[in-house]
Amino acid sequence: MAGPALMLAGFAVAGSSVEASSLVAGPTFSAVVGGPVLGVLLDRAARPGRLLAGALALYAAGWGRSWWGSGGCRSPSPS
C-alpha cells in the first residue's frame with residue numbers, strides 16, 4: 001500500500017526513477033529474504049521478544065536511513 005506513495009516521494013525528492021524505485025525495492029527484498037530467516041530465528045530463540053524488539057529497531061533504523069538518504073532531512077531553501 002505504501003509502495004506507490006514511496007515511489008512518488010522518492011521521485012519528487014531525487015528526480016530519478018532509478019533512485020525512487022530503489023526505495024521500493026529495498027524493503028521488498030529485505031522482506032522476501034529476511035521474513036523466513038527471522039521466522040526460523042524466532043522459533044528457535046529462548047527469548048523471542050528480545051529478538052523481535054531488536055529486529056523492529058533495525059527495521060526502523062533502515063527506514064530512517066532511507067528517509068535520510070533520499071534527502072528527507074534537507075532544510076527548505078529560502079525563496
Side-chain angles (χ1 to χ4, degrees):
M1 208 56 188
L6 188 60
M7 180 81 164
L8 288 173
F11 186 73
V13 171
S16 167
S17 60
V18 174
E19 290 180 20
S21 63
S22 69
L23 286 176
V24 177
T28 303
F29 178 75
S30 68
V32 168
V33 173
V37 172
L38 183 62
V40 168
L41 291 174
L42 284 171
D43 286 342
R44 296 182 182 187
R47 293 189 172 181
R50 289 186 180 183
L51 179 64
L52 187 58
L56 290 174
L58 289 173
Y59 184 72
W63 274 107
R65 175 66 177 111
S66 294
W67 174 76
W68 183 77
S70 68
C73 62
R74 277 190 252 164
S75 59
S77 58
S79 44

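All figures in this text were calculated on a predicted structure; none of them were measured in a lab.
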Verify the cluster assignment for Tyr59 and Val32: are they in a single hydrophobic cluster under the rule of side-chain heavy atoms below 4.5 Å apart?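 Different hydrophobic clusters.
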Rounded distance [0.5 Å steps], CG in Leu56 versus CG in Leu51: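 Interatomic distance, Leu56 CG to Leu51 CG, rounded to 0.5 Å: 9.5 Å.
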What closest approach, in Å, do Pro36 and Ala31 show between heavy atoms, and which atom pair accounts for it?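 Looking at all heavy atoms of both residues, the shortest contact is CD-O, 4.2 Å.
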